[in-house]
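The sequence lines fix the lettering, A, B, ..., with proteins before strands; numbering per chain opens at 1.
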Amino acid sequence: MEGEENLDYSTRYNPKEIEDKITAFWIERGYFFANPNPNKKPFCIVIPPPNITGILHMGHALNNTIQDTLIRSKRMQGYESLWLPGTDHAGIATQNVVEKQLAKEGLRKEDIGREEFTERLWEWTKKYGSTIIEQLKKLGASCDWRRLRFTMDEDYSKAVREVFVRLYNKGLIYRGKYIINWCPRCKTALSDEESIHKEIDGWLYYIRYPIIRAKEVKDLANDYIVVATTRPETMLGDTAIAVNPTDNRYKFLKDVKVILPIMNRELKVIEDELVDKEFGTGVVKVTPAHDPIDFILANKHNLEFINIMNDDGTLNENAGKFKGVDRFQARKEIIEVLEKDSLIEKKEPYWISVGHCYRCNTIVEPRLSLQWFVRMKPLAIPAIKVVEEGKIKFYPQRWEKVYLNWMYNIKDWCISRQIWWGHRLPVYYCKECYQEENSRERSKGVIVSVEEPKYCPDCGSKKILQDSDVLDTWFSSWLWPFATFYWPNPKRDLNYFYPTSVLVTASEILFFWVARMIMAGLEFTGNIPFSNVLIHGTVRDEKGTKMSKSLGNIIDPLEIIDKFGADALRFSLMFLASTGADVYLSDEKFLVGRNFANKIWNATRFIMNKLKDNDIKIEEDKVDITDEIDLWIIDSLNRTIEAVTVSLDSYRISEATKNIYDFFWHNFCDWYIEIAKLYLGSEKLKVLILCLINSLKLLHPFMPFITEKIYQDIKSYVTFLKDESISISLWPKKIVITADSDKFNFVEDLISSIEEIRNIKSDLGISATEKVKIFLNATENIRERFNYHKDWFMRLGGIREIDFVDNLEKVIISKNYFSLNIDFEHFDRDRLVKLLEKKLVNLRTLYEKVFNKLNNKEFLNNAPQEIVEREREKERYLSFQCKRLEKIKDVFK
RNA sequence: GGGCGGUUAGCUCAGUUGGUAUAGAGCGUUUCCCUUACAAGGAAGAGGUCACAGGUUCGAAUCCUGUACCGCCCACCA
């Protein structure tokens with residue numbers, strides 16, 4: 001990379017040819033390797049592992065750019081900066097992908113069996129699993145790629161089993177029959193978080209259940225009780241009806257028999273305060289095996305559980321003649337039958353919130369099923385404490401409340417999945433002595449162990465079967481911050497880098513992942529997994545709709561990289577995404593970054609060409625700066641260094657981009673370079689280089705490619721640059737200058753005078769190219785200082801001639817150090833008077849405001865002295881300005 | 001039902017502890033300029049009763065209360 005000179009520096013920055021070479025250079029040199037180093041402080045981020053099925057989308061681009069920006073800036077600031085990469089096996093998602101592939105061959109996974117299917121999954125993983133990793137490299141991610149981890153790596157899997165065993169032995173993992181969320185398409189249990197509630201358009205059906213009074217048997221059609229339900233098909237599994245104990249309307253039910261239509265089963269009548277008198281008819285049908293509340297009721301009141309459904313959502317033999325019918329078809333048919341028998345009282349349109357599988361969007365079925373659970377409350381308590389005590393901080397802070405709210409109400413976590421891709425439960429059953437039970441106690445013949453047991457500890461049998469379920473993917477993800485460091489094996493890397501510094505993620509996985517990592521970290525390492533959580537927004541399209549493949553509104557980051565370059569993508573994202581806010585994107589939004597890269601490119605081109613043309617080499621970075629203009633730009637640079645550093649430290653990344661953008665474009669390019677053009681000796685070039693190099697360094701975390709490219713190329717002219725790569729160079733420090741504010745203020749006066757002159761010329765219709773004569777009044781001393789700047793002042797102000805005068809009758813521009821006037825002799829006087837009048841109106845309004853304030857005794861009594869003084873100053877200034885404008889107006893009238 | 005946010009220029013958003021002469025930026029827009037680093041550029045403008053109504057305060061975009069609208073999350077909404 002070094003010495004590679006003279007690539008075509010055309011007027012357009014062309015990222016395409018450059019980026020891949022630079023990526024290869026970085027990786028080859030191992031600049032991003034991080035190792036425990038007692039002389040440095042660690043800074044560490046573990047990547048939120050993307051799914052192996054993933055391809056880079058805008059959300060990844062946003063998430064990873066933030067991380068890379070932080071990692072790169074800390075690396076330059078002298079931290080041992082580790083960004084640990086990896087991927088997630090993504091149980092259901094990956095299985096679905098491979099199943100689809102299989103379907104193309106006309107096969108189902110059952111046809112080839114578990115073993116072969118798992119082999120296929122591994123093949124797929126090897127072939128495609130690192131697609132996204134390569135894409136992250138294109139983005140410029142500075143991960144320590146040697147440390148790439150996968151949630152199904154051998155030792156990672158061991159950590160997962162270890163955790164399972166520890167929790168089991170502590171009594172925090174249990175097996176039991178409960179109502180869980182069941183996806184009939186994926187044919188597996190889901191956790192509550194994996195069941196996404198969405199409102200759908202449905203009906204509330206009022207169904208007549210016949211009753212038989214004990215003493216007199218009446219006409220069935222007219223003697224009934226009405227229940228309301230949104231899921232009529234579940235009635236086939238009803239074993240009771242329930243009313244509120246305080247509901248006097250239904251006291252008579254004690255003395256009657258209630259008959260379930262279609263099944264003609266007698267139902268129990270129970271009373272429970274869970275029943276809402278106001279809803280529907282106040283009578284609720286109870287289906288213990290298919291509804292979570294009914295399940296609770298059934299346990300309280302000893303009801304029978306009747307499972308009417310198969311794992312694919314069709315009804316089973318308990319559904320009588322509806323056996324084999326799909327649940328939604330059954331709903332229709334049941335309604336038809338009931339209508340025929342006049343058992344539907346009415347139906348009302350009803351918005352119902354139902355769970356959807358987060359992987360395939362199928363409507364989730366509540367189903368009674370034997371599953372494994374983690375008791376969460378004991379894990380949550382310390383995890384609540386660390387956040388309440390501020391040991392873990394959220395950015396933006398409001399997420400803390402969301403986190404705590406969820407943690408206070410945490411429920412047990414269903415962790416077993418009936419799929420084949422994932423970590424198999426480290427649970428074994430003895431074929432001889434195990435009997436299925438529904439108990440929180442350990443049952444006989446159940447062995448929970450990290451390694452496969454050789455024989456049953458209860459009966460000694462060698463016939464052992466492993467549980468066929470696998471664990472929820474998040475049961476491995478929650479160990480990510482320490483399992484990636486080979487926990488539980490004692491490793492110095494874990495000691496050094498853990499707790500990690502900050503976790504960067506989207507709000508969507510706050511509960512899935514962030515909260516659980518905090519719990520796991522505290523439980524298994526005794527320490528928090530990270531001290532800061534940075535939560536960024538969601539990427540949306542221009543209209544604010546979430547980007548998704550199915551909606552076809554995605555903007556492919558790889559396409560943006562191809563069109564505008566990775567730097568443009570990165571900078572634009574960081575520029576647009578203020579902390580925590582959603583980002584609305586369209587192709588044009590990336591022009592900010594593209595244009596800025598081009599600006600940097602051209603400013604560099606200018607400076608480099610001047611060095612080349614004059615055959616100048618900059619050999620040292622020490623410059624004795626005395627020129628007022630140089631002091632001014634260096635001071636501005638210093639303030640930018642400070643601002644960018646502070647913004648990054650407080651995770652206001654967007655603000656940091658604005659700090660450097662503003663300095664580079666406006667202060668440096670618009671003013672300093674323009675001024676310097678007149679004085680391009682080695683002194684000015686040194687200052688130009690100083691500003692450029694420091695800007696490049698400040699920009700490097702956001703735009704790593706262009707800054708590296710320029711850094712390498714400029715070395716041949718700037719020989720004090722010793723670092724092999726800008727990515728391992730030192731973060732800018734303020735440049736020590738000796739100057740008081742007098743010098744900066746004087747320059748500010750010059751600059752703002754030019755702005756006013758331009759402004760007035762424009763208002764008077766004087767062309768910008770037409771040069772004017774000005775009169776200037778200043779003390780002898782100031783006049784001398786002014787003369788020093790005369791050349792650039794005249795050039796940028798469009799001034800032909802300056803007359804120094806002792807007395808200015810017609811002052812139009814008044815500054816602290818001098819006042820000046822434009823020679824208006826040849827210009828339109830009416831327009832000038834109008835302009836002056838406009839200005840006067842503004843000034844008078846302001847003056848009045850200040851005047852009123854200063855005549856308010858309360859203000860004088862209560863406001864701090866400095867504020868009052870400031871207002872007094874304002875008043876003096878404004879009254880002076882008003883007077884002088886009036887005077888000049890009179891002169892021209 | 002519970003919780004958390006938001007409402008500032010045509011659009012997307014900043015605005016940190018209430019006070020710095022006229023509330024900022026990017027995009028868009030109007031006028032002028034191809035002034036040899038950059039037209040992917042430069043110069044100058046227009047555009048805001050800071051959602052509404054009260055309150056606290058010498059002083060409110062900023063703090064408090066209420067209203068309207070929009071959004072997100074959670075929930076045992078049969």
Task: Letter per nucleotide, 5' to 3', of nucleotides 25-41 of chain B [B base touched, S only sugar-phosphate touched, - untouched; heavy atoms, 4.0 Å] - done: -S----------BB-BS
Open item on the list: Ring-plane angle category for Phe575(A) and Tyr661(A), please: parallel below 30°, perpendicular beyond 60°, tilted otherwise.
Closed with: tilted
- [ ] Report yes or no: does Asn602(A) contribute a side-chain atom to a donor-acceptor pair with the main-chain N or O of Asn598(A) at less than 3.5 Å?
- [x] yes
TODO: Quick one: label Lys411(A) by what it contacts on the DNA or RNA (base, sugar-phosphate, nothing), any heavy atom closer than 4.0 Å.
DONE: sugar-phosphate
- [ ] For Val283(A), answer base if it contacts any base atom (sugar-phosphate contacts may also be present), sugar-phosphate if it contacts only those atoms, and nothing otherwise; contact means non-hydrogen atoms under 4.0 Å.
- [x] base
Open item on the list: Over all strands shown, is Glu655(A) touching base, sugar-phosphate only, or nothing at heavy-atom distances under 4.0 angstrom?
Closed with: base
Task: Short side-chain to backbone donor-acceptor contact, Asn862(A) and Glu858(A), under 3.5 Å - done: yes
Task: Rounded interatomic separation in angstrom, taking CG from Leu510(A) and P from rG5(B) - done: 14 Å
Task: RNA chain B contacts among residues 271-281 of chain A, heavy-atom distance under 4.0 Å - done: Leu274(A), Val275(A), Asp276(A), Phe279(A)
Task: Six-ring centre of Tyr206(A), Lys346(A) cation under 6.0 angstrom, axis tolerance 45° - done: yes
Open item on the list: Please verify the inter-ring angle class for Tyr13(A) with Trp601(A); under 30° counts as parallel, over 60° as perpendicular, anything in between as tilted.
Closed with: tilted
Task: Residue whose closest nucleotide on RNA chain B lies nearer the 5' end, Leu204(A) versus Trp671(A) - done: Trp671(A)
Task: Pairwise C1' distance, rG45(B) and rC69(B) [rounded to whole Å] - done: 34 Å
Open item on the list: Return the pairing partner of rA43(B) with a 3.5 Å limit on both distances, Watson-Crick or G-U wobble; otherwise return none.
Closed with: rU31(B)
Task: Strand partner of rG26(B), provided both Watson-Crick or wobble distances fall under 3.5 Å - done: rC11(B)
- [ ] Provide the distance between the two P atoms, one in rC50(B) and one in rU7(B), to the nearest whole Å.
- [x] 14 Å
- [ ] Ignoring hydrogens and angles, tell me if any N or O in the side chain of Asn855(A) forms a donor-acceptor pair with the backbone of Phe851(A) under 3.5 Å.
- [x] yes
Open item on the list: Mind checking if Tyr847(A) touches a base, just sugar-phosphate, or nothing, with heavy atoms under 4.0 Å?
Closed with: nothing
Task: Parallel, tilted or perpendicular, as decided by the 30° and 60° cut-offs, for the rings of Phe663(A) and Phe668(A) - done: parallel
- [ ] Rounded to the nearest angstrom, tell me the gap between atom CD1 in Ile352(A) and atom C1' in rA78(B).
- [x] 8 Å
- [ ] Could you check which nucleotide pairs with rA37(B) in any of the strands shown, counting Watson-Crick or G-U wobble with both distances under 3.5 Å?
- [x] none
TODO: Could you tell me if the ring centre of Trp203(A) sits under 6.0 Å from that of Tyr350(A)?
DONE: no
Task: Within 6.0 angstrom of Glu199(A) CD, more than 12 heavy atoms from elsewhere - done: yes
Task: Under 3.5 Å on both distances, the Watson-Crick or G-U partner of rA51(B) - done: rU67(B)
Open item on the list: Please tell me whether Trp399(A) and Tyr403(A) form a close aromatic pair, meaning their ring centres lie under 6.0 Å apart.
Closed with: no
- [ ] Hunt down the Watson-Crick or G-U wobble partner of rA78(B), both distances under 3.5 Å, from any strand shown, or write none.
- [x] none
Open item on the list: Can you see if the side chain of Asn759(A) gets near the phosphate of rG45(B) - specifically, an N or O under 4.0 Å from OP1 or OP2?
Closed with: yes
